[in-house]
Chemist: 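Just dropping this structure here.
If you're wondering where the values come from, they're calculated on a predicted model, not measured in any experiment. Positions are given from 1 along the sequence.
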Amino acid sequence: MPQQSQAANKFTLGTKEMDDKVAQFHYDRGWYSIVDLIGEEKKVIYKSKNAQEAYYKWNVYIGRKKERVPKNEK
């Protein structure tokens, strides 16, 4: 009987403690999400299948980068 490989398809990419909450960046079967944990409560802040956009939003959310202004708004 052939063995089936079980790939990890759900994991945490990053965690950042903020004032009164903990922000986490998750990957789950093709979806990237940013979640706030306040006590036992979870609040999804952002969810997308676009990896590049999700990593950018995570960096903005935790304060590593500033939100870029679209060219037509300058």
Side-chain angles (χ1 to χ4, degrees):
M1 181 180 275
Q3 286 186 339
Q4 293 180 344
S5 70
Q6 292 188 352
N9 44 5
K10 184 176 184 179
F11 46 90
T12 301
L13 300 168
T15 301
K16 174 82 173 182
E17 288 186 33
M18 300 168 99
D19 299 327
D20 59 340
K21 63 186 173 188
V22 175
Q24 290 186 333
F25 186 35
H26 294 275
Y27 173 82
D28 185 6
R29 296 183 187 116
W31 286 94
Y32 295 86
S33 57
I34 298 172
V35 179
D36 276 347
L37 304 172
I38 304 170
E40 296 292 319
E41 184 181 333
K42 287 185 178 183
K43 182 179 176 187
V44 177
I45 303 299
Y46 174 82
K47 191 169 185 175
S48 174
K49 284 196 168 201
N50 183 326
Q52 185 175 3
E53 182 180 295
Y55 275 96
Y56 175 76
K57 292 286 188 184
W58 169 248
N59 284 314
V60 168
Y61 192 69
I62 64 172
R64 273 193 211 146
K65 290 188 177 182
K66 294 187 179 192
E67 190 88 42
R68 54 183 167 207
V69 178
K71 290 180 182 180
N72 59 358
E73 291 182 21
K74 286 185 179 177

Chemist: Quick check: Phe25 with Tyr55 (ring centres under 6.0 Å apart)?
Modeler: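 Yes; Phe25 has its ring centre under 6.0 Å from that of Tyr55.
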
Chemist: Is any side-chain heavy atom of Lys42 closer than 4.5 Å to one of Val44?
Modeler: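 No, every pair of side-chain atoms sits at 4.5 Å or beyond.
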
Chemist: Quick one: pull up NZ in Lys57 and CG in Asn50 and give me the separation to the nearest 0.5 Å.
Modeler: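 The distance works out to 10.5 Å.
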
Chemist: Are Val22 and Val35 linked, directly or through intermediate hydrophobic residues, by side-chain heavy-atom contacts shorter than 4.5 Å (ILVMFWY only)?
Modeler: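 Yes; tracing contacts between hydrophobic side chains, which count when under 4.5 Å, links both residues.
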
Chemist: Please lay out, stage by stage, how Leu13 and Trp58 fare under the test side-chain contact (heavy atoms from CB on, under 4.5 Å).
Modeler: CA-CA 10 Å; Leu13 300 168; Trp58 169 248; over 6 Å; no

Chemist: Can you list the steps and then say if Leu37 with Gln24 is a side-chain contact (heavy atoms from CB on, under 4.5 Å)?
Modeler: CA-CA 8 Å; Leu37 304 172; Gln24 290 186 333; 3.4 Å; yes

Chemist: With Lys21, which residues qualify under side-chain hydrogen bond (donor to acceptor under 3.5 Å, both in side chains), at least two apart?
Modeler: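 Testing Lys21 for side-chain hydrogen bond (donor to acceptor under 3.5 Å, both in side chains), a comparison that skips the adjacent residues, returns Asp36, Tyr61.
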
Chemist: Please say yes or no: joined through hydrophobic side-chain contacts below 4.5 Å, possibly via intermediate residues, are Ile62 and Ile34 part of one cluster?
Modeler: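 Yes, it is one cluster - the side chains of Ile62 and Ile34 are joined through contacts under 4.5 Å.
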
Chemist: Which atom pair, heavy atoms only, marks the closest approach of Tyr46 to Ala54?
Modeler: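 Where Tyr46 meets Ala54 most closely, the heavy atoms are CE2-CA, 3.7 Å.
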
Chemist: Can you measure from NE2 (His26) to CZ (Phe11) and round to the nearest 0.5 angstrom?
Modeler: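 Separation between the atoms: 11.5 Å.
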
